[in-house]
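Because only heavy atoms are used, hydrogens play no part in the values below, and waters and symmetry mates are left out as well, while side chains stay in. Lettering of chains follows the sequences in order, A, B, ..., and the numbering in each one begins at 1. Given the structure is predicted, the values throughout are model-derived calculations rather than measurements.
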Protein chains: 2
Amino acid sequence: MQLHKYDVVEAATAILDAYGIADLTMRRLAKELNVSPGALYWHFANKQQLLGAIADRILQPARDVPAVTDWRERIVAVCSALRDALLSHTDGAELVSASFAAGQSQAAGDILTALSAAAEDAGVPSAEAELAARTVIYYVLGFTVDEQSKLQWDSAGVLDPQESVAAIDHDRRFGFGLRLLIDGLGVISTVS
Amino acid sequence: MQLHKYDVVEAATAILDAYGIADLTMRRLAKELNVSPGALYWHFANKQQLLGAIADRILQPARDVPAVTDWRERIVAVCSALRDALLSHTDGAELVSASFAAGQSQAAGDILTALSAAAEDAGVPSAEAELAARTVIYYVLGFTVDEQSKLQWDSAGVLDPQESVAAIDHDRRFGFGLRLLIDGLGVISTVS
DNA sequence: ACCTGAACACCGTTCAAGT
DNA sequence: ACCTGAACACCGTTCAAGT
């Protein structure tokens, strides 16, 4: 039977979830799909492009959050959905971070657009709305990469119990940083 | 003559500046130093640790910015020095970003501490000061990774002139995003 | 203490040739 | 159109053995 982009991305996601990003190699993926490594290059130009497709797959649940009118609520909804999506896959935050920086994820671009619109609603001049949206995404990605590496270290049992991270209230901390940004956006609407 | 950590970091920085992070391999570095690849592992436990040392070298100029009393000015001074340091080396932002996420840069930790102190001065409760500082660093790293990749694409002549990035005022944009964060911190001092 | 030589176990990517 | 086989040009890391 023929190989389709969809199957490749599914198999790649399965490797990611089970073994992490370090084990997500073209050769390993090809083996899992019972094809030769070269076959993957018929469907994807290079590894970066494939990672972009995986990023899109991971971000699917965060793409269309129900549109709410209040821009503050909308930012919170989008960012929470984004964080949840990243935490749903092993090394998800790291993979999406890299794909976002490389400009390889369509879905990440859509989320950026949604946040830009929210920033404009907050009163940010349209010339700066995308930068404001990027600032928010930098935060969510940075925070979640950190959080996830701690969570994964913890579940791997590397830390001794007393310094376990389980006690830390990540949700509350995430909200605190997000409020910081939303407050900053709020000030702009007051000033200009 | 003997190999010292210092020489290794200097040679690595030279490769980085001349050829970029993709060419900064242990084997290539060993060749440049006229030693066998294994020799590097006497001085550094692994590549990550070496990259951390390079990050420290890059961040040197940003480590001790003159202490100014006003916390807003202090954040601006630290972040500007940080961005300047990153832009002074090819792929500097990307390398430091990775080392910061991996917790391998002493200097990045110091900068985090300085920003935490500024956040406390802004009125952020000490339990959240580090998160506030991290939020600021996520912004500077994210922004500068983006900026640098555009600058380097441009100087490589990949873009056609009409969409050249030279016209974009990066300084102004950097300041805009930074103000967003500082305004957010300012609100906290007002509320609590 | 510090380094070499040589190996181990891999990588991403390309491309003529096959079906 | 889609894939195989095989190669190209590399990686990071380890470790017995040398000095």
Is a donor on one side and an acceptor on the other found under 3.5 Å between the side chain of [X] and the backbone of [Y]?
| X | Y | result |
| --- | --- | --- |
| A:E130 | A:S116 | no |
| B:D56 | B:A107 | yes |
| B:D91 | B:E94 | no |
| A:E128 | B:F176 | no |
| B:R74 | B:T69 | yes |
| B:E10 | B:Y6 | no |

>> Here's one to test your reading of the geometry: is the NZ or CZ of A:R28 within 45 degrees of the ring axis of A:Y19 and under 6.0 Å from its centre?
In response: yes
>> I want to confirm an ordering. Mapping B:R27 and B:H4 to their closest nucleotides on DNA chain C, which one lands closer to the 5' end?
In response: B:H4
> So which one's nearest nucleotide on DNA chain C is more toward 5', A:A39 or A:L24?
Replying inline: A:L24
> Do B:F44 and B:V9 come within less than 4.5 Å of each other through their side chains, counting heavy atoms only?
Replying inline: yes
Using the [atom1] atom in both, what is the distance from [N] to [M], to the nearest Å?
| N | M | atom1 | value |
| --- | --- | --- | --- |
| C:dC10 | D:dA9 | P | 23 Å |
| D:dA7 | C:dC11 | C1' | 14 Å |
| C:dC15 | D:dC2 | C1' | 14 Å |

> Could you walk me through whether B:Q2 and B:D7 pass the side chain to side chain donor-acceptor pair (under 3.5 Å) check?
Replying inline: CA-CA 10 Å; B:Q2 260 225 68; B:D7 309 301; over 6 Å; no
> Contact boundaries of DNA chain C with chain B (under 4.0 Å, heavy atoms), 5' to 3'?
Replying inline: C:dA1 to C:dA7
> Between B:I137 and B:L112, which heavy-atom pair has the shortest distance, and what is it?
Replying inline: CD1-CD1, 3.7 Å
> Based on Watson-Crick and G-U pairs with both distances under 3.5 Å, what dot-bracket line describes DNA chain D 5' to 3', crossing pairs as [ ] and inter-strand pairs as |?
Replying inline: ||.|||||...|||||.||
>> Using a strict heavy-atom distance below 4.0 Å, which residues from residues 46-54 of chain A are in contact with DNA chain C?
In response: A:N46, A:K47
> Looking at the rings of A:F143 and A:F174, which for Trp means the six-membered one, are their centres under 6.0 Å apart?
Replying inline: yes
>> Any base atoms under 4.0 Å from A:T25, or only sugar-phosphate, or nothing? Heavy atoms, all strands.
In response: sugar-phosphate
